[in-house]
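Heads up, the thing below is written out as structure tokens.
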Amino acid sequence: MPAPTDPRSPVTPDDLDLAVRLSVDVLRAVRQTAWDEQAGTLEWTRWETVEHLGDDFFAYAVQMGPSTPPSTGHVPFTATRRRAGGPANSVHAERDSGPAGLLQTLEANGALLSAMVRMKPPHTRAFHVYGVSDPEGFAAMGIVEALVHTHDLIQGLDLRWNPPADLCARVLTRLFPEAPTDTDPWTTLLWATGRADLPGRSALTKWRWDGTPRD
């Protein structure tokens, strides 16, 4: 496990690699019969939630891909739903591949985002609905998606998920600069994404991060 670091230090591709690896490790323990059950308080099944997470990685990566990344909208990939109420994704996993194949697609999409963040210069800017962002910002977004959706995925299962505090602190600093800094970073990240209470603070019913670069 990496040594604790200053939460003001940059979010890196290595951080993203760690978040994806830790997520996949715990999700390998999900029982076979649980994948079509609801993921926490989401309206999606666990299978659909992992597909959504991988699709987030894909979408963040391709957003930075063009020589002139878009600043006012998304790269126009088609997104489709496999059922009414399910997530609209540009990439899907083959059901016949089973959970192992599903998690392989998650790893692959995470690696795609990590590679794009490593390749693109820091001055790159690309559109996101929560603010035009830079490679570090997209890495931080991918980490938040991985951490909080893994939390959703293990609800109702006898699995433990407690991401590294320093990793949570860095993405909070990068994307949620107004979040409290005197509380447990993981609980604070859950609070900032509407998933937990903090002492003296009720769970949020509306939330968003700020992906704009930090100067």
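Note that the coordinates shown come from a computational prediction; the quantities given were computed from them, not determined experimentally. The basis for the numbers below is simple: all heavy atoms, side chains too, and nothing from hydrogens, waters or symmetry mates.
Looking only at distances, no side-chain donor or acceptor of Arg82 sits under 3.5 Å from a matching main-chain atom of His92. Although no hydrogens or angles enter the test, the distance criterion places no donor-acceptor pair under 3.5 Å between the side chain of Asp210 and the main chain of Leu175. Of the possible donor and acceptor atoms, none in the side chain of Asp152 sits under 3.5 Å from a partner among the backbone N and O of Ala39. A donor-acceptor distance shorter than 3.5 angstrom exists from the side chain of Thr173 to the backbone of Ala169, with no hydrogens or angles considered. Remark: the backbone N or O of Thr212 is paired with a side-chain donor or acceptor of Arg214 at under 3.5 angstrom. Between the side chain of Ser133 and the backbone N or O of Gly211 there is at least one donor-acceptor pair closer than 3.5 Å. Within the 3.5 Å criterion, the main-chain N or O of Pro122 finds a donor-acceptor partner in the side chain of Arg125. A donor-acceptor distance shorter than 3.5 angstrom exists from the side chain of Arg81 to the backbone of Gly86, with no hydrogens or angles considered.
Once rounded to the nearest 0.5 Å, the distance linking CZ of Arg46 with OG1 of Thr49 reads 8.5 Å. Interatomic distance, His74 NE2 to Ser90 OG, rounded to the nearest 0.5 Å: 10.0 Å. Atoms CD and CG, from Glu145 and Asp55 in turn, are 10.0 Å apart once rounded to the nearest 0.5 Å.
A salt bridge does not link Glu136 to Lys120: none of the charged side-chain nitrogens sits closer than 4.0 Å to a carboxylate oxygen. Ion pair Asp14/Arg21 not flagged as a salt bridge, since none of the NZ, NE, NH1 or NH2 atoms sits closer than 4.0 Å to an Asp/Glu carboxylate oxygen.
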Test side chain to side chain contact (heavy atoms under 4.5 Å, CB included) applied to Gln38 and Trp44, step by step | CA-CA 6 Å; Gln38 183 177 340; Trp44 305 328; over 6 Å; no

Determine, stepwise, if the pair Arg170 / Asp166 fulfils salt bridge (Lys or Arg N to Asp or Glu O under 4.0 Å).
-> CA-CA 6 Å; Arg170 286 201 300 283; Asp166 63 306; 3.2 Å; yes

Show your working on side chain to side chain contact (heavy atoms under 4.5 Å, CB included) between Asp197 and Arg201 and close with a plain yes or no.
-> CA-CA 6 Å; Asp197 296 330; Arg201 299 171 186 258; over 6 Å; no

Carefully, step by step, assess Val148 and Arg195 under the rule side chain to side chain contact (heavy atoms under 4.5 Å, CB included).
-> CA-CA 8 Å; Val148 301; Arg195 288 167 169 82; 3.9 Å; yes

With side chain to side chain donor-acceptor pair (under 3.5 Å) as the test, would you mind laying out the steps for Asp17 and Ser114 before giving the verdict?
-> CA-CA 7 Å; Asp17 292 342; Ser114 178; 2.8 Å; yes

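Between Leu190 and Thr187 the shortest side-chain heavy-atom distance does not fall below 4.5 Å. By the 4.5 Å heavy-atom criterion applied to side chains, Gln63 and Pro70 are counted as neighbours. Residues Pro69 and Phe127 form no side-chain contact, since every pair of their non-hydrogen atoms from C-beta on lies 4.5 Å or further apart. Between Ile143 and Arg174 there is no side-chain heavy-atom pair separated by less than 4.5 Å. Pro99 has its side chain out of reach of Val30: every pair of non-hydrogen atoms, C-beta onward, lies at least 4.5 Å apart. Annotation: side chain of His52 is in contact with side chain of Asn89 (closest heavy-atom distance under 4.5 Å). A heavy-atom distance below 4.5 Å is not found between the side chains of Pro135 and Met116. Inter-residue side-chain proximity for Leu189 and Trp191 is flagged as unmet; no heavy-atom pair is nearer than 4.5 Å.
The environment of CD in Glu43 is sparse: at most 12 heavy-atom neighbours from other residues, nucleotides or ligands sit within 6.0 Å.
Partners of Phe176 under the ring-ring contact (aromatic ring centres under 6.0 Å, His included) rule, at least two apart in sequence or in another chain, do not exist in this structure. Take Glu48 and apply the salt bridge (Lys or Arg N to Asp or Glu O under 4.0 Å) test, not counting sequence neighbours, and it matches Arg83. Partners of Tyr60 under the ring-ring contact (aromatic ring centres under 6.0 Å, His included) rule, at least two apart in sequence or in another chain, are His128, Phe138. For the salt bridge (Lys or Arg N to Asp or Glu O under 4.0 Å) test, no residue two or more places apart in sequence or in another chain qualifies with Asp56.
Under the 30°/60° scheme for interplanar angles, the aromatic rings of Trp47 and Trp35 are found to stand perpendicular.
The heavy-atom pair separating Trp207 from Ala192 by the smallest distance is CB-O, 3.3 Å. What you find for Val117 and Pro13 is that their closest heavy atoms are CG1-CG, 3.6 Å. The minimum heavy-atom distance linking Asp15 with Pro10 is given by the pair OD2-O, 3.9 Å. Minimum interatomic distance between Phe57 and Ala146 (heavy atoms only, all atoms of both residues): CZ-CB, 4.0 Å. Heavy atoms only, all atoms of each residue included: Leu172 and Ala179 are closest at CD2-CB, 4.2 Å. Between Gly131 and Arg208, the shortest heavy-atom distance links the atoms N-NH2, 4.4 Å.
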For a quick test of your reading: what N or O donor-acceptor pairs under 3.5 Å do the side chains of residues 100-111 make, sequence neighbours left out?
residue : atom : partner : partner atom : Å
Thr105  : OG1  : Leu102  : O            : 2.6
Asn109  : ND2  : Thr105  : O            : 3.1

Which atom pairs, donor and acceptor, lie under 3.5 Å between side-chain atoms of residues 153-164 and protein residues at least two apart or in another chain?
residue : atom : partner : partner atom : Å
Gln155  : NE2  : His151  : O            : 2.8
Gln155  : NE2  : His151  : ND1          : 3.4
Trp161  : NE1  : Leu147  : O            : 3.0

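A single hydrophobic cluster is seen to contain both Val129 and Met141, as judged by linkage of ILVMFWY side chains at heavy-atom distances under 4.5 Å, directly or through other members. In the hydrophobic clustering of this structure, Leu16 does not group with Leu112; members are Ile, Leu, Val, Met, Phe, Trp, Tyr whose side-chain heavy atoms approach within less than 4.5 Å, directly or through other members. In this structure, Met64 is not a member of the same hydrophobic cluster as Phe77, with clusters built from ILVMFWY side-chain heavy atoms closer than 4.5 Å. Linking Ile, Leu, Val, Met, Phe, Trp and Tyr residues whenever their side-chain heavy atoms come within less than 4.5 Å places Leu53 and Tyr130 in a single cluster. Leu198 is connected to Trp186 through a chain of hydrophobic side-chain contacts under 4.5 Å among Ile, Leu, Val, Met, Phe, Trp and Tyr, so both are in one cluster.
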